[in-house]
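Presented below is the structure to which this report refers.
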Protein chains: 2
Amino acid sequence: MNANSSRPAPAAAGRPSPTLEDLALAAGVSRSTASRAINGGSKVSAQAQAAVDAAIVALGYTPNRAARSLVTRRAGSVALVIPEPDARVMMDPYFAAVIMGVNEALRETDLQLVLLMSRAGDDSARTIRYLRGGHVDGAIVVSHHRADDWVESLGATGLPTVFIGRPWDTESGIPYVDLDNFEGGRLAARHLSGAGRSKLATIAGPTDMTAAVDRLQGWLQGLREAGLQPGPVIHGDFTTAGGADAAARLLAEAPDVDGIFAASDLMALGVVDTLRGKGRRVPDEVAVVGFDNHSIQAANGLGLTTVAHPMADIAAAAGKLLVDAIANPGELPEPVIYPAELVVRGSSVA
Amino acid sequence: MNANSSRPAPAAAGRPSPTLEDLALAAGVSRSTASRAINGGSKVSAQAQAAVDAAIVALGYTPNRAARSLVTRRAGSVALVIPEPDARVMMDPYFAAVIMGVNEALRETDLQLVLLMSRAGDDSARTIRYLRGGHVDGAIVVSHHRADDWVESLGATGLPTVFIGRPWDTESGIPYVDLDNFEGGRLAARHLSGAGRSKLATIAGPTDMTAAVDRLQGWLQGLREAGLQPGPVIHGDFTTAGGADAAARLLAEAPDVDGIFAASDLMALGVVDTLRGKGRRVPDEVAVVGFDNHSIQAANGLGLTTVAHPMADIAAAAGKLLVDAIANPGELPEPVIYPAELVVRGSSVA
DNA sequence: GGCTTTAGTGGGAGCGCTCTCACCACATGG
DNA sequence: CCATGTGGTGAGAGCGCTCCCACTAAAGCC
């Protein structure tokens, strides 16, 4: 296609990349005019603009981010903070979806995504120091637990911050994007009761995450509305193995259960596995509803009834919110809540 | 787009972060000495060092990365390049493991991880321009396909680059870290033949990835050594759904198969699922061996025999290799190959 | 005519840092 | 005695960029 743009600057070792000065010289204008042309300045004549554009192509010019950052006082990057200490939980494809979504939102901007993962306690200090150090223009925080109180203090630093998933402290008005987890839990309860199940139980998520709490509250509310007993509540850790364990405990406690709501598809997978291992037929004897609408659930033979959780979309929305917040500092955007939707498949209906 | 970026000030916060000048003043030394103290300079007296250290704490000083970058001509960051166009494949926990591993390797350095994902064709041009623009000090490329030829040209730009997984073009001497995929495939073949299976088949991965090709070659070699027929080879896409599909095709082609090697655990999950759906007992009628030793495989009721693939370790090794390559430019490190190990579980032995 | 306005331009200054270099004191060696 | 280190220091020069301000030329208005 374009011959001279194919190899602008291989330049092993020696040749330093052209500076704005070089560009201005090549275009026959001043450094100031070149800068204006690059940044879409309004006060540039058509021919100056054209000359600069041509010179950019000819020289393969790329602005030096560091120099620009230094004077604009903008880092040109945003952090994705994952305060997740456990490598196993990190394996959850949830994070992959989040990363993709945020990346998607940043595509049109010239912001780059910096990953910040903290594990041990000491690391969180390091993370917050980094965030406050002005090394990024904003932050997106995902999957934070109640113990991660430092995260909330971010809002006070003036660094634009958006949460994915409702934070524990909504008082501070930090914007966030989330699924309507409460409604999701409620939908699960309504669905199972509507399918004629009455001895219901749930494998809930960890109590230190708002998503888990909301799903559980919604579930209990749904049962109440259906006039059913709340039934056993076992807590798992959102993983497959955790779901399998929890199901075993559940069966010991309530052998006559005929419907289970697992607060994640991964746990639901473990639940189905345990049920089958104990000889219970799904959905005939026990109906199972999951949460997330993971692609992995296809492995289940029968499809898994679940609550859709468009994680990538949610992450992308959070990314856009952050971009806006950076552009218009001061104004706090409203939280965005995605509606919950039930996807009915074979695991809950005969 | 953002032409109205006329906001140089750090917005609300007010308090501008202290500069090196402030630090030097507080410590009662010169800017030069303060700089030396910060960067572990050898020519600093004990008391000057102590004074600077104290001032750092007192002021909460953080060096301005942009200013430092500008003069040192180092970006202070490395890119993790994921040339993966398909969101669904991205869901593979593989990437989470890679990200964690690389992050781990970078922990001790002050390099930050920048994520670069390219999807459509146009994006790859953008990506390579970014990489050549000197915005990062090095790059790690993961999961690259044969069509991503631009990736290989990176080596010629002088940008330190390390591959995770053997690249197609090893001539250029680009360092890489990989699992011994060939041996892994061979182990699978030896294991199944050793277990008395003789009507063997494999669900291989995509032909445009070296890992898939190597596993297949190893498998075929192993069969040859055992004196068995190569048997059917069906190609999947490493996903669960792809594995299920491939298994269905396989059963149509070779209904009497008694052992299947799936080149990923995700595919193996789909295979087991399809087998059960068709009423074949695993492992009694058909033994299954996977690849990767995913945690997800626990969902399978019986454990899945598989080839261990320490992805996080491999990624961490790649990270270290890159850090070394950045520190010592010019010398190309040798590739690192991790040995393959078989993990025997219930899916292949009665 | 004198003025203001306006579109466009170029010359500086300086962002916060590192690094070279000159410099000083005090050792050591001839 | 001078020559030669040697550990420690500080002043100054930029790195490449954006932005403020002074400036021009052409146009508009009384």
Side-chain angles (χ1 to χ4, degrees), chain A residues 9 15-53 55-56 59-76 110 133-135 137, chain B residues 2-11 15-53 55-56 59-77 110 133-135 137:
Chain A
R15 174 137 130 257
S17 50
T19 75
L20 184 58
E21 194 82 51
D22 302 332
L23 182 72
L25 191 69
V29 298
S30 74
R31 213 175 52 243
S32 310
T33 301
S35 174
R36 275 188 288 260
I38 287 169
N39 298 311
S42 45
K43 306 209 160 196
V44 181
S45 68
Q47 70 251 44
Q49 182 74 52
V52 171
D53 288 346
I56 288 174
L59 275 81
Y61 172 77
T62 317
N64 181 315
R65 278 182 97 94
R68 179 178 279 177
S69 263
L70 182 57
V71 53
T72 58
R73 278 135 190 294
R74 276 157 156 278
D110 63 346
H135 301 312
D137 297 324
Chain B
N2 42 352
N4 58 339
S5 59
S6 51
R7 184 131 320 204
R15 186 181 55 141
S17 50
T19 75
L20 184 59
E21 195 83 50
D22 303 331
L23 183 71
L25 191 68
V29 298
S30 73
R31 213 176 51 242
S32 310
T33 302
S35 174
R36 274 188 288 260
I38 287 169
N39 298 311
S42 46
K43 307 209 161 196
V44 181
S45 67
Q47 70 250 44
Q49 182 74 53
V52 172
D53 287 347
I56 289 175
L59 294 172
Y61 172 78
T62 317
N64 181 314
R65 280 182 95 95
R68 179 177 278 177
S69 265
L70 182 56
V71 52
T72 58
R73 281 136 189 299
R74 277 157 151 278
S77 58
D110 64 345
H135 301 311
D137 297 324

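- Taking OG of A:S69 as the reference point, atom NE2 of A:H135 lies at 11.5 Å (rounded to 0.5 Å).
- Remark: P of C:dT18 and CZ of B:R36 are 11 Å apart, rounded to the nearest angstrom.
- The separation between B:L20 atom CG and D:dG12 atom C1' is 14 Å, rounded to whole Å.
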CA sep, side-chain torsions, deciding dist, call: B:I56, B:L23, side chain to side chain contact (heavy atoms under 4.5 Å, CB included): CA-CA 7 Å; B:I56 289 175; B:L23 183 71; 3.8 Å; yes

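- Atom CG of A:L70 and atom CG of A:N64 lie 9.5 Å apart (nearest 0.5 Å).
- Distance CG (A:L70) to C1' (C:dT18): 13 Å, rounded to an integer number of Å.
- On a pure distance criterion of 3.5 Å, a polar donor-acceptor pair joins the side chain of A:S32 and the base of C:dG11.
- Rounded to whole Å, atom P of C:dC17 lies 16 Å from atom CG of A:N64.
- Across the protein-nucleic acid pair, B:Q47 atom CD and D:dG8 atom C1' stand 10 Å apart, rounded to whole Å.
- Here A:S30 reaches the OP1 or OP2 of C:dG10: one of its side-chain N or O atoms lies under 4.0 Å away.
- Rounded to a whole Å, the CG atom of B:L59 is 14 Å from the P atom of C:dG16.
- The phosphate of C:dT18 (OP1 or OP2) has no side-chain N or O of B:T72 nearer than 4.0 angstrom.
- We find that CZ of B:R74 is positioned 19 Å from C1' of D:dG16, with the value rounded to whole Å.
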I'd like to know whether B:R68 forms a side chain to side chain contact (heavy atoms under 4.5 Å, CB included) with B:I38, so could you lay out the CA-CA distance, the side-chain angles of the two residues, the decisive distance to 0.1 Å, and finally the verdict. CA-CA 12 Å; B:R68 179 177 278 177; B:I38 287 169; 3.7 Å; yes

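- The shortest distance between the side-chain N/O atoms of A:S45 and the OP1/OP2 oxygens of C:dG8 is not below 4.0 Å.
- For the pair A:N39 and D:dT18, the criterion of a side-chain N or O lying under 4.0 Å from OP1 or OP2 is met.
- Side chain of A:R65 to main chain of A:G76: a donor-acceptor pair is present (N/O by atom type, distance under 3.5 Å, no hydrogens or angles).
- Listed nucleotides: D:dG16, C:dG10, C:dC17. Nearest to the side chain of B:P63: C:dC17.
- When distances are taken from the side chain of B:Y61 to each of C:dG14, D:dG8, C:dC17, the shortest belongs to C:dC17.
- Listed nucleotides: C:dG16, D:dT18, D:dC20. Nearest to the side chain of A:V71: D:dT18.
- Distance from the side chain of B:K43 is smallest for D:dT9 among the nucleotides C:dC17, D:dT9, D:dG16.
- For D:dG16, its base never sits under 3.5 Å from the side chain of A:R65 at any donor and acceptor pair.
- A:A48 comes within 4.0 angstrom of the backbone, heavy atoms only, and of no base.
- The interatomic distance linking B:L25 (CG) with D:dG10 (C1') rounds to 14 Å, in whole Å.
- For D:dG16, the base has no donor-acceptor partner in the side chain of B:R73 [N/O atoms by modelled type, under 3.5 angstrom].
- You'll find the side chain of A:L20 reaches within 4.5 Å of the side chain of A:S35, heavy atoms only.
- Distance from the side chain of A:R31 is smallest to C:dA13 among D:dG16, C:dA13, C:dG16.
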